[in-house]
Colleague: 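This structure is in structure tokens; I'll ask about it shortly.
Computed over heavy atoms, backbone and side chain alike; hydrogens, waters and symmetry mates excluded.
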Amino acid sequence: QVQLVESGGGLVQAGGSLRLSCAASGSIRSFNVMGWYRQAPGKQRELVATINNFGGTNYSDAVKGRFTISRDNAKNTEYLQMNSLKPEDTAVYYCFVRMYTSDPYWGQGTQVTVSS
């Protein structure tokens, strides 16, 4: 089984920064994709960013240029560096890891609140 524990959320003013971490443990296959979803009240879940085991990344248009996803393969940990935060970034952020051909595993979620 796989478990993910995420941390780093909190309250920050617009223009500030936060760094989210997500540590995975268990049976992690070498070929996998990690990433982050977010969900704000009354809105659909949004895929924020992904990173594969080779370091290839994808970002949503809403966060491109402001957020950076990274990973440490030795530690099975992924990160989301969030800069120039905006109130519209307020959401619960969920990390995930998906081994190819398998269903994803999810973190517990961490609240990010950006005040104006």
Side-chain angles (χ1 to χ4, degrees):
Q1 69 274 24
V2 175
Q3 297 178 3
L4 292 86
V5 179
E6 56 186 286
S7 61
L11 175 64
V12 65
Q13 293 184 342
S17 298
L18 286 173
R19 184 175 178 85
L20 306 183
S21 299
C22 178
S25 62
S27 301
I28 307 297
R29 298 284 185 89
S30 297
F31 293 101
N32 63 69
V33 58
M34 292 178 165
W36 299 84
Y37 277 92
R38 67 184 182 185
Q39 185 152 28
K43 297 183 179 179
Q44 289 186 294
R45 185 180 63 179
E46 176 189 13
L47 180 61
V48 176
T50 62
I51 183 168
N52 63 28
N53 52 283
F54 297 112
T57 59
N58 276 300
Y59 298 92
S60 71
D61 290 338
V63 308
K64 187 175 296 184
R66 299 186 297 117
F67 291 10
T68 302
I69 188 171
S70 61
R71 61 187 288 166
D72 185 332
N73 290 334
K75 297 180 179 179
N76 287 324
T77 300
E78 64 174 306
Y79 307 92
L80 187 67
Q81 178 66 46
M82 304 183 294
N83 298 326
S84 301
L85 282 163
K86 304 175 181 179
E88 49 263 45
D89 295 318
T90 296
V92 178
Y93 286 71
Y94 299 90
C95 65
F96 69 89
V97 59
R98 180 178 62 81
M99 275 65 76
Y100 297 128
T101 74
S102 300
D103 292 328
Y105 296 87
W106 296 88
Q108 80 279 8
T110 185
Q111 176 71 47
V112 172
T113 303
V114 184
S115 62
S116 59

Colleague: Show the numbers, then the answer: is there a side-chain contact (heavy atoms from CB on, under 4.5 Å) between M34 and C95?
Modeller: CA-CA 7 Å; M34 292 178 165; C95 65; over 6 Å; no
Colleague: Any side-chain heavy atom of T68 within less than 4.5 Å of one from Y59?
Modeller: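 Of all side-chain heavy-atom pairs linking Y59 with T68, at least one is under 4.5 Å.
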Colleague: When hydrophobic residues are tied together by side-chain contacts of less than 4.5 Å, even through go-betweens, does V97 share a cluster with F54?
Modeller: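 No: no chain of side-chain contacts under 4.5 Å links V97 to F54.
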Colleague: Which residue is it: T50, I69, L20? I am looking for the one with a side-chain contact (heavy atoms from CB on, under 4.5 Å) to E78.
Modeller: I69
Colleague: Can a cation-pi geometry be assigned to R19 and Y79, taking NZ or CZ under 6.0 Å from the six-membered ring centre and within 45° of the ring axis?
Modeller: yes
Colleague: Using modelled atom types and a 3.5 Å cut-off, is there a donor and acceptor pairing between side-chain atoms of E6 and backbone atoms of G109?
Modeller: yes
Colleague: Same cluster or not: are M99 and L4 linked, directly or through other Ile, Leu, Val, Met, Phe, Trp or Tyr residues, by side-chain heavy atoms under 4.5 angstrom apart?
Modeller: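 Linked within one cluster.
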Colleague: Looking at every non-hydrogen atom in both residues, tell me the closest pair between A14 and S116 and how far apart they are.
Modeller: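 Shortest heavy-atom contact: CB-CA, 4.3 Å.
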Colleague: Quick check: are there more than 12 heavy atoms from other residues, nucleotides or ligands sitting under 6.0 Å from CD of Q3?
Modeller: no
Colleague: Treating Q108 as the side-chain partner and V5 as the backbone partner, does any N or O pair qualify as donor plus acceptor under 3.5 Å?
Modeller: no
Colleague: Quick check against the 3.5 Å criterion: does T113 have a side-chain atom that pairs as donor or acceptor with the backbone of T90?
Modeller: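 No; judged by distance alone, with no hydrogens or angles, the pair does not exist.
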Colleague: How close do S17 and S84 get, heavy atom to heavy atom, and via which atoms?
Modeller: OG-N, 4.3 Å
Colleague: As an exercise, state the distance from OG1 of T110 to CH2 of W36, rounded to the nearest 0.5 Å.
Modeller: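 With rounding to 0.5 Å, OG1 (T110) is 7.5 Å from CH2 (W36).
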Colleague: Closest approach of V92 and Q111, non-hydrogen atoms and distance?
Modeller: CG2-OE1, 3.2 Å
Colleague: Are any of the side-chain heavy atoms of F67 and T57 separated by less than 4.5 Å?
Modeller: no
Colleague: Per the ring-ring contact (aromatic ring centres under 6.0 Å, His included) rule, which among Y93, W106, Y94 passes with Y37?
Modeller: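 Checked Y93, W106, Y94 against Y37; only one passes ring-ring contact (aromatic ring centres under 6.0 Å, His included): W106.
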Colleague: Shortest non-hydrogen contact from N32 to R71?
Modeller: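 The answer is OD1-NH2, 2.7 Å.
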Colleague: How far does CD1 of I51 sit from CG of N73, to the nearest 0.5 angstrom?
Modeller: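 Separation between the atoms: 8.0 Å.
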Colleague: Name all residues meeting the salt bridge (charged side-chain N to carboxylate O under 4.0 Å, His left out) criterion together with E46; count only those two or more places apart in sequence or in a different chain, and write none if there are none.
Modeller: R38
Colleague: Rounded to the nearest 0.5 Å, how far apart are CZ of R98 and CG of N52?
Modeller: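 Taking CZ in R98 and CG in N52, the distance rounds to 10.5 Å.
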Colleague: Show your reasoning for whether side-chain contact (heavy atoms from CB on, under 4.5 Å) applies to Y105 and I28.
Modeller: CA-CA 10 Å; Y105 296 87; I28 307 297; over 6 Å; no
Colleague: For residues M82 and D89, determine if any side-chain heavy atom of one lies less than 4.5 Å from a side-chain heavy atom of the other.
Modeller: no
